[in-house]
Amino acid sequence: MTTLLGIAGSLRAGSLNRKLLQAATERTPDGVTLEIGSIAGIPLYDGDAERDEGVPAPVEALKDRIAAADGLLLVTPEYNQSIPGVFKNAIDWCSRPPKDIARVFAGKPVGVIGATPGRGGTRAAQDAWLSVFRGLSLVPFLGESLYVAGAAKVFDDDGALTDDTIARLLTEYLEAFAAFTARVGG
(Lines give C-alpha, C1' and ligand atoms only; values in the text may rest on other atoms or scores of the structure.)
Protein backbone atom coordinates (compact mmCIF):
# COMPACT_ATOMS: atom_id res chain seq x y z
CA MET A 1 0.00 0.00 0.00
CA THR A 2 1.33 3.40 -1.02
CA THR A 3 0.46 6.34 1.20
CA LEU A 4 0.53 9.87 -0.19
CA LEU A 5 0.07 12.99 1.88
CA GLY A 6 -1.74 15.84 0.17
CA ILE A 7 -1.58 19.40 1.45
CA ALA A 8 -3.69 22.26 0.12
CA GLY A 9 -1.91 25.60 0.30
CA SER A 10 -4.82 27.77 1.35
CA LEU A 11 -6.47 28.45 4.69
CA ARG A 12 -9.73 29.63 3.11
CA ALA A 13 -12.74 27.43 3.94
CA GLY A 14 -14.00 27.52 0.34
CA SER A 15 -10.56 27.04 -1.20
CA LEU A 16 -10.61 25.67 -4.73
CA ASN A 17 -7.39 23.83 -3.94
CA ARG A 18 -8.96 22.12 -0.94
CA LYS A 19 -11.77 21.04 -3.25
CA LEU A 20 -9.23 19.74 -5.75
CA LEU A 21 -7.42 17.83 -3.01
CA GLN A 22 -10.69 16.31 -1.81
CA ALA A 23 -11.49 15.28 -5.40
CA ALA A 24 -8.03 13.70 -5.61
CA THR A 25 -8.72 11.53 -2.54
CA GLU A 26 -11.67 10.07 -4.44
CA ARG A 27 -9.63 9.24 -7.55
CA THR A 28 -6.52 7.48 -6.30
CA PRO A 29 -5.63 4.19 -7.98
CA ASP A 30 -6.05 0.85 -6.24
CA GLY A 31 -3.40 0.28 -3.59
CA VAL A 32 -2.91 3.99 -2.97
CA THR A 33 -4.23 6.08 -0.10
CA LEU A 34 -4.18 9.87 -0.25
CA GLU A 35 -4.38 11.39 3.23
CA ILE A 36 -4.99 15.08 3.80
CA GLY A 37 -2.57 17.17 5.82
CA SER A 38 -3.17 20.74 6.93
CA ILE A 39 -1.24 23.97 7.26
CA ALA A 40 -3.84 25.40 9.67
CA GLY A 41 -2.45 26.60 12.98
CA ILE A 42 1.09 27.09 11.75
CA PRO A 43 2.38 30.52 12.86
CA LEU A 44 4.59 32.79 10.84
CA TYR A 45 8.16 31.60 11.02
CA ASP A 46 10.23 33.46 13.61
CA GLY A 47 13.75 32.27 14.37
CA ASP A 48 13.59 33.84 17.82
CA ALA A 49 10.39 31.94 18.64
CA GLU A 50 11.97 28.73 17.35
CA ARG A 51 15.02 29.29 19.56
CA ASP A 52 12.98 30.21 22.63
CA GLU A 53 9.96 27.91 22.29
CA GLY A 54 11.00 25.23 19.82
CA VAL A 55 9.06 24.02 16.81
CA PRO A 56 5.28 24.46 17.32
CA ALA A 57 3.15 21.35 17.80
CA PRO A 58 1.18 21.78 14.51
CA VAL A 59 4.50 21.90 12.63
CA GLU A 60 5.85 18.79 14.37
CA ALA A 61 2.63 16.94 13.56
CA LEU A 62 2.82 17.92 9.88
CA LYS A 63 6.52 17.02 9.72
CA ASP A 64 5.79 13.57 11.12
CA ARG A 65 3.01 13.02 8.59
CA ILE A 66 5.23 14.10 5.70
CA ALA A 67 8.07 11.86 6.91
CA ALA A 68 5.72 8.86 7.21
CA ALA A 69 4.23 9.26 3.73
CA ASP A 70 5.65 7.56 0.65
CA GLY A 71 5.03 10.69 -1.42
CA LEU A 72 3.92 14.29 -1.00
CA LEU A 73 1.30 16.05 -3.14
CA LEU A 74 1.16 19.84 -2.90
CA VAL A 75 -2.06 21.41 -4.15
CA THR A 76 -1.07 25.01 -4.66
CA PRO A 77 -2.94 28.22 -5.25
CA GLU A 78 -1.14 30.94 -7.14
CA TYR A 79 -0.86 34.41 -5.64
CA ASN A 80 0.70 37.14 -7.76
CA GLN A 81 2.22 34.53 -10.08
CA SER A 82 4.03 32.68 -7.32
CA ILE A 83 3.77 30.50 -4.23
CA PRO A 84 1.28 31.59 -1.55
CA GLY A 85 3.15 32.91 1.47
CA VAL A 86 1.15 30.85 3.96
CA PHE A 87 2.02 27.63 2.09
CA LYS A 88 5.72 28.45 1.74
CA ASN A 89 5.80 29.43 5.42
CA ALA A 90 4.43 26.02 6.43
CA ILE A 91 7.02 24.18 4.35
CA ASP A 92 9.76 26.46 5.70
CA TRP A 93 8.71 25.63 9.26
CA CYS A 94 8.78 21.91 8.37
CA SER A 95 12.46 22.32 7.44
CA ARG A 96 13.30 23.41 10.99
CA PRO A 97 15.64 22.56 12.51
CA PRO A 98 17.75 22.00 9.38
CA LYS A 99 18.92 18.58 10.60
CA ASP A 100 15.31 17.37 10.12
CA ILE A 101 15.31 18.02 6.36
CA ALA A 102 16.78 14.58 5.65
CA ARG A 103 14.17 12.80 7.80
CA VAL A 104 11.19 14.78 6.52
CA PHE A 105 11.96 15.54 2.88
CA ALA A 106 15.15 14.08 1.39
CA GLY A 107 14.54 11.66 -1.45
CA LYS A 108 10.75 11.86 -1.10
CA PRO A 109 8.72 12.02 -4.33
CA VAL A 110 6.71 15.23 -4.62
CA GLY A 111 4.00 16.23 -7.04
CA VAL A 112 2.32 19.58 -7.44
CA ILE A 113 -1.06 20.47 -8.92
CA GLY A 114 -3.24 23.51 -8.50
CA ALA A 115 -6.47 25.31 -9.19
CA THR A 116 -7.27 28.96 -9.75
CA PRO A 117 -10.29 30.93 -10.90
CA GLY A 118 -7.96 32.70 -13.35
CA ARG A 119 -6.66 31.58 -16.73
CA GLY A 120 -3.10 30.63 -15.78
CA GLY A 121 -3.96 27.41 -13.97
CA THR A 122 -1.21 27.92 -11.32
CA ARG A 123 1.63 27.34 -13.82
CA ALA A 124 3.83 30.06 -12.30
CA ALA A 125 3.31 28.81 -8.73
CA GLN A 126 4.05 25.23 -9.74
CA ASP A 127 7.25 26.32 -11.46
CA ALA A 128 8.24 28.40 -8.41
CA TRP A 129 8.04 25.30 -6.20
CA LEU A 130 10.83 23.60 -8.15
CA SER A 131 13.63 25.55 -6.48
CA VAL A 132 12.12 24.76 -3.07
CA PHE A 133 12.04 21.06 -3.96
CA ARG A 134 15.71 21.23 -4.93
CA GLY A 135 16.60 22.93 -1.65
CA LEU A 136 14.83 20.23 0.37
CA SER A 137 16.22 17.33 -1.72
CA LEU A 138 12.73 16.28 -2.76
CA VAL A 139 12.36 14.32 -6.01
CA PRO A 140 9.89 16.22 -8.24
CA PHE A 141 7.42 14.35 -10.41
CA LEU A 142 7.56 15.92 -13.85
CA GLY A 143 5.81 13.21 -15.88
CA GLU A 144 2.36 14.83 -15.90
CA SER A 145 0.94 18.27 -15.19
CA LEU A 146 -2.39 19.48 -13.90
CA TYR A 147 -3.21 23.17 -14.11
CA VAL A 148 -6.88 23.81 -13.34
CA ALA A 149 -7.86 27.20 -14.78
CA GLY A 150 -11.35 28.64 -14.36
CA ALA A 151 -11.67 26.38 -11.33
CA ALA A 152 -14.68 28.16 -9.87
CA LYS A 153 -16.69 26.55 -12.69
CA VAL A 154 -15.52 22.94 -12.22
CA PHE A 155 -16.93 22.35 -8.72
CA ASP A 156 -20.56 22.37 -7.61
CA ASP A 157 -21.89 24.21 -4.55
CA ASP A 158 -20.98 21.23 -2.35
CA GLY A 159 -17.38 21.17 -3.60
CA ALA A 160 -17.73 18.10 -5.82
CA LEU A 161 -15.75 18.04 -9.05
CA THR A 162 -18.24 18.21 -11.93
CA ASP A 163 -15.98 18.68 -14.96
CA ASP A 164 -15.39 15.33 -16.69
CA THR A 165 -12.21 16.48 -18.42
CA ILE A 166 -10.62 17.71 -15.19
CA ALA A 167 -11.73 14.51 -13.42
CA ARG A 168 -10.05 12.41 -16.12
CA LEU A 169 -6.86 14.50 -16.03
CA LEU A 170 -6.75 14.34 -12.23
CA THR A 171 -7.13 10.56 -12.29
CA GLU A 172 -4.38 10.24 -14.91
CA TYR A 173 -2.10 12.49 -12.88
CA LEU A 174 -2.66 10.47 -9.70
CA GLU A 175 -2.03 7.17 -11.49
CA ALA A 176 1.23 8.47 -12.95
CA PHE A 177 2.34 10.07 -9.67
CA ALA A 178 1.59 6.88 -7.72
CA ALA A 179 3.65 4.85 -10.21
CA PHE A 180 6.49 7.38 -9.93
CA THR A 181 6.34 7.21 -6.15
CA ALA A 182 6.56 3.43 -6.25
CA ARG A 183 9.60 3.61 -8.61
CA VAL A 184 11.42 6.23 -6.54
CA GLY A 185 10.72 4.26 -3.38
CA GLY A 186 9.59 7.21 -1.23
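Every value quoted in this text rests on a predicted model; they were computed, and no experiment measured them. Any value given below was found using the heavy atoms of this structure, including those in side chains, with hydrogens, waters and symmetry copies removed.
In terms of the ring-ring contact (aromatic ring centres under 6.0 Å, His included) criterion, residue partners of Phe177 (sequence neighbours excluded) are, by chain and number, Phe141. Partners of Asp157 under the side-chain contact (heavy atoms from CB on, under 4.5 Å) rule, at least two apart in sequence or in another chain, do not exist in this structure.
Between Ile7 and Leu62 there is a side-chain heavy-atom pair separated by less than 4.5 Å. The closest side-chain heavy-atom distance from Thr181 to Lys108 is not below 4.5 Å. In this structure, Lys63 and Ile66 have side chains that are not in contact, with every pair of non-hydrogen atoms separated by 4.5 Å or more. Looking at heavy atoms from C-beta onward, Gln81 lies out of side-chain contact with Thr122 at the 4.5 angstrom threshold.
With rounding to the nearest 0.5 angstrom, the CZ atom of Arg12 is 9.0 Å from the CG atom of Asn17. Summarising the geometry, atom CG belonging to Asp158 is positioned 9.0 Å from atom NZ belonging to Lys19; distances are rounded to the nearest 0.5 Å. For the atom pair CG (Leu170) and CD (Glu144), the distance works out to 11.5 Å, reported to the nearest 0.5 Å. Rounding to the nearest 0.5 Å gives a distance of 8.0 Å between OG1 of Thr33 and CG of Leu4. The CD atom of Glu26 sits 10.5 Å away from the CG atom of Leu34 when rounded to the nearest 0.5 Å. One distance of note links OH of Tyr79 with OG of Ser10; it measures 4.0 Å at 0.5 Å rounding.
The minimum heavy-atom distance between Ala115 and Ala151, with the atom names listed, is CB-CB, 3.7 Å. Between Val184 and Gly107, the closest heavy-atom pair is CG1-O, 3.8 Å. Closest heavy-atom contact between Ala125 and Pro77: CB-O, 3.4 Å. Shortest non-hydrogen contact noted between Gly37 and Arg65 is CA-NH1, 3.6 Å. Here the closest heavy-atom approach between residue Pro140 and residue Leu130 is recorded as CB-CD2, 4.2 Å.
Around atom CZ of Arg51, more than 12 heavy atoms belonging to other residues, nucleotides or ligands sit under 6.0 Å away. Within a 6.0 Å radius of CG in Asp156, more than 12 heavy atoms belonging to other residues, nucleotides or ligands are found. Within 6.0 Å of the CG atom in Asn80, the count of heavy atoms belonging to other residues, nucleotides or ligands does not exceed 12. Remark: Glu172 CD is packed, more than 12 non-hydrogen atoms of other residues, nucleotides or ligands lying under 6.0 Å away.
Hydrophobic clustering (side-chain heavy atoms under 4.5 Å, transitive across Ile, Leu, Val, Met, Phe, Trp, Tyr) groups Val110 together with Phe105. Under the 4.5 Å side-chain heavy-atom criterion for grouping Ile, Leu, Val, Met, Phe, Trp and Tyr, Leu136 is connected to Val104 within one hydrophobic cluster. Hydrophobic clustering keeps Leu146 apart from Val112 (ILVMFWY residues linked when any side-chain heavy atoms are closer than 4.5 Å, directly or through intermediates). In the hydrophobic clustering of this structure, Leu142 does not group with Val139; members are Ile, Leu, Val, Met, Phe, Trp, Tyr whose side-chain heavy atoms approach within less than 4.5 Å, directly or through other members. Cluster membership for Val75 and Tyr173, using ILVMFWY side-chain heavy atoms within less than 4.5 angstrom, is shared.
Within the 3.5 Å criterion, the main-chain N or O of Ala24 finds no donor-acceptor partner in the side chain of Arg27. In this structure, the side chain of Asp100 does not engage the main chain of Arg103 through any donor-acceptor pair within 3.5 Å. A donor-acceptor contact shorter than 3.5 Å is absent between the side chain of Gln126 and the backbone of Tyr147. Arg18 places no side-chain N or O within 3.5 Å of a backbone atom of Gly159 that could act as its donor or acceptor partner.
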Side-chain donor-acceptor pairs of residues 89-99 under 3.5 Å, sequence neighbours excluded:
unit_1	atom_1	unit_2	atom_2	d
Asn89	OD1	Tyr45	N	2.8
Asn89	ND2	Pro43	O	2.9
Asp92	OD1	Lys88	NZ	2.7
Asp92	OD2	Lys88	NZ	3.0
Trp93	NE1	Pro43	O	2.9
Ser95	OG	Asp92	O	2.6
Arg96	NE	Tyr45	OH	3.3
Arg96	NE	Glu50	OE1	3.0
Arg96	NE	Glu50	OE2	3.4
Arg96	NH2	Glu50	OE1	3.3

* So Phe87 and Ile42, side chain to side chain contact (heavy atoms under 4.5 Å, CB included) or not? Walk me through it. -> CA-CA 10 Å; Phe87 204 5; Ile42 295 178; over 6 Å; no
* Evaluate the criterion side chain to side chain contact (heavy atoms under 4.5 Å, CB included) for residue pair Glu175 and Val32; output intermediate values, then yes/no. => CA-CA 9 Å; Glu175 289 170 351; Val32 176; over 6 Å; no
* Using the side chain to side chain contact (heavy atoms under 4.5 Å, CB included) rule, take Leu161 and Val154 through it: C-alpha gap first, then chi angles, then the decisive distance, then the call. => CA-CA 6 Å; Leu161 181 59; Val154 304; 3.9 Å; yes
* I would like to know whether Phe155 and Asp163 meet side chain to side chain contact (heavy atoms under 4.5 Å, CB included); could you show each step before the answer? => CA-CA 7 Å; Phe155 298 99; Asp163 185 290; over 6 Å; no
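A side-chain contact (heavy atoms from CB on, under 4.5 Å) with Ile113 is found for exactly one of Leu21, Thr76, Leu73, namely Leu73.
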